[in-house]
Amino acid sequence: MKAIRSALLTSSAHLSKLLVGFILLKFIALYLGAEGLGTLGHFMSAVTIVTLLAGGGVVNGIIKYVSEYRTQSRRLLGFISAATTYSCSFAVIVLVGGVAFSKPISGFLFGSAGFYWVVMLLAVAQLGFAFTNMVTGVCNGLRDTKTYAKIQMIGNLAALPVAWILVANYGVAGAAIAIVSVFFIGVFPAWYFFRVSPFFGRISFAAINGDDFKKLSSFTLMLATSALAFPIVEIIVREFLIRQSGYAEAGIWQGAIKLSSAYLGFFGVFLAYYFMPLISAEKDKQVIRHHVMRFMLLIMGLFFIGAVTLYGGRSFIVPLLLSKEFIPLESLIIYQLIGDFFKISAYVIGFVGVAKAATKVYVGAEILQSILFLGLAVLLGSSLGGAKGVFIGYMLAYAFYFIVCVCFFVSWVRK
């Protein structure tokens, strides 16, 4: 019963995030159109990178080690203090860099240095992202799903009216601030629950533990590779589409990517919360193989049902979630769904690398999938024409990547 309640709370929390993401996408598509979404594409990629890397990108590491130390109160407090120091240091460095280079970053993201103040706002906001990541990471590690769910749901729902006002009244700049605010507002419920927790007043912000820092740095490297690789590839592919077919077609692809990241995020949370802790403490490779097969079949089955539903109702769902300008996506979304099917299936194996802190393997896998997608997207985009070639390239890249992951995993188990 407890496991079912935890699953429902976690699912509800991410569902609220999923819905807010869809509604924000709908606001932008409705008020700014496909061209506006294409204009904001680079900034969306940048916000994705910053939210993942805020505080050093150590959420999975915090979940892993808090889960391991939760019965050792002194060791647990020491680790959380070290993780706090690590995250704060990383966030301050990002803040200084973001403010110092705000104009060139704005020029790259928006094509104009005039949005430098939005970049500075994002640099300040990532301090809040880092704090929220710390609090929710500790909650997940302690299996406190109730608090985790409350932080997520309160923050997500409170962000909606703010996002609507900004997008409806202030154009591209308002939409950019809305994108930041959706992630930032969670800091308020996170602060409240931290304030009433037993950790308040006991965290040492100057705690430096070389061993803990080393452990956390592995997760920074893994998530940095993950957070940077695909968004950077997205930016390159988006530039390719803009030059070849214009902002509208780039916006069509951006709409598909945002829909994809929303529902894939649901599966990612499920794997991080349930699958990764299960694998983390397990030493027997045959038991790990059994868990991987079980979870992969479950993920494949659930995704297949959702994908068939989305594809069957695409003529209704695409205009509903986006707008009528995105109707061309209806004939292309099949390639995205097939690619996502192989991508999330491969990620079941990828989480074994995260659980075992296999940094080199994880980094290599992230680089491989990014190179595959970039190469095939540009090659097929040039030969087949624009967005269609990019969608087909995505599908083929992740089909091949899935095969590579399965072969590597089988080889690892047999050793």
What closest approach, in Å, do [X] and [Y] show between heavy atoms, and which atom pair accounts for it?
X	Y	value
G55	S87	O-OG, 2.9 Å
L337	Y311	CD1-CB, 3.9 Å
L127	V92	CD2-N, 4.3 Å
V66	V138	CG1-O, 3.9 Å
F402	A346	CD1-N, 3.7 Å
G98	A123	CA-CB, 4.0 Å

query = Is the NZ or CZ atom of R202 positioned over F199's six-membered ring, under 6.0 angstrom from the centre and within 45° of the axis?
reply =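 Geometry flag: not set, cation outside 6.0 Å or 45°.
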query = Is the cationic atom of K150 (NZ for Lys, CZ for Arg) positioned less than 6.0 Å from the six-membered ring centroid of F193 and within 45 degrees of its normal?
reply =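 Verdict for F193: no cation-pi partner in K150.
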query = Under the side-chain contact (heavy atoms from CB on, under 4.5 Å) criterion, do L77 and I203 qualify, and how do the steps go?
reply = CA-CA 7 Å; L77 185 61; I203 301 296; 4.0 Å; yes
task = Give a yes or no on whether Y192 atom OH has more than 12 heavy-atom contacts from other residues, nucleotides or ligands under 6.0 Å away.
result =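 Not buried by this count: 12 neighbours or fewer within 6.0 Å.
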query = Does a sphere of radius 6.0 Å around CZ in F400 hold more than 12 heavy atoms from other residues, nucleotides or ligands, not counting ones at 6.0 Å or beyond?
reply =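 No, not enclosed.
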Between [X] and [Y], is any pair of side-chain heavy atoms under 4.5 Å apart?
X	Y	result
F79	K215	no
R75	D212	yes
I288	W412	yes
L40	L32	yes
L142	Y148	no
L53	V94	no

request  = Give me the one residue out of F43, W117, Y116 that meets ring-ring contact (aromatic ring centres under 6.0 Å, His included) with F110.
outcome  =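 Only match with F110 under ring-ring contact (aromatic ring centres under 6.0 Å, His included): F43.
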Euclidean distance, [Y] [atom2] relative to [X] [atom1], rounded to 0.5 Å:
X	Y	atom1	atom2	result
R238	I257	CZ	CD1	8.0 Å
I62	T136	CD1	OG1	8.0 Å
L379	I392	CG	CD1	11.5 Å
S260	Y394	OG	OH	4.0 Å
M120	L95	CE	CG	9.0 Å
I105	L122	CD1	CG	8.5 Å

Would you list the atom pairs, donor with acceptor, under 3.5 Å between side chains in residues 294-310 and any protein atom, with sequence neighbours excluded?
| residue | atom | partner | partner atom | Å |
| --- | --- | --- | --- | --- |
| R294 | NH2 | H291 | ND1 | 3.2 |
| T309 | OG1 | I305 | O | 2.8 |

inquiry  = Checking V404 against L372 for the side-chain contact (heavy atoms from CB on, under 4.5 Å) test, could you report, in this order, the C-alpha distance in whole Å, the side-chain angles of both residues, the deciding distance, and whether it holds?
reply    = CA-CA 12 Å; V404 171; L372 281 172; 5.8 Å; no
So, [X] side chain and [Y] main chain: donor-acceptor pair closer than 3.5 Å or not?
X	Y	result
Q369	Y398	no
S106	S112	yes
T220	G56	yes

Per-pair distances, 0.1 Å, donor-acceptor, side chain in residues 163-185, under 3.5 Å, sequence neighbours excluded:
| residue | atom | partner | partner atom | Å |
| --- | --- | --- | --- | --- |
| W164 | NE1 | Y31 | OH | 3.3 |
| N169 | ND2 | I165 | O | 2.8 |
| S181 | OG | I177 | O | 3.4 |
| S181 | OG | A178 | O | 2.8 |

Check: W191 ring centre within less than 6.0 Å of F194 ring centre =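 W191 vs F194: aromatic centres under 6.0 Å.
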Donor-acceptor contacts, no H, no angles, side chain residues 153-162, under 3.5 Å, sequence neighbours left out:
| residue | atom | partner | partner atom | Å |
| --- | --- | --- | --- | --- |
| N156 | ND2 | S16 | OG | 2.9 |
| N156 | ND2 | Q152 | O | 2.8 |

task = Apply the test side-chain contact (heavy atoms from CB on, under 4.5 Å) to residues M44 and I28: give CA-CA distance (whole Å), side-chain angles for both, the deciding distance (0.1 Å), then the verdict.
result = CA-CA 12 Å; M44 286 181 172; I28 296 173; 3.6 Å; yes
request  = Take W253 and E234 through the test side-chain contact (heavy atoms from CB on, under 4.5 Å) and record every step on the way to the result.
outcome  = CA-CA 10 Å; W253 181 65; E234 275 189 37; 4.0 Å; yes
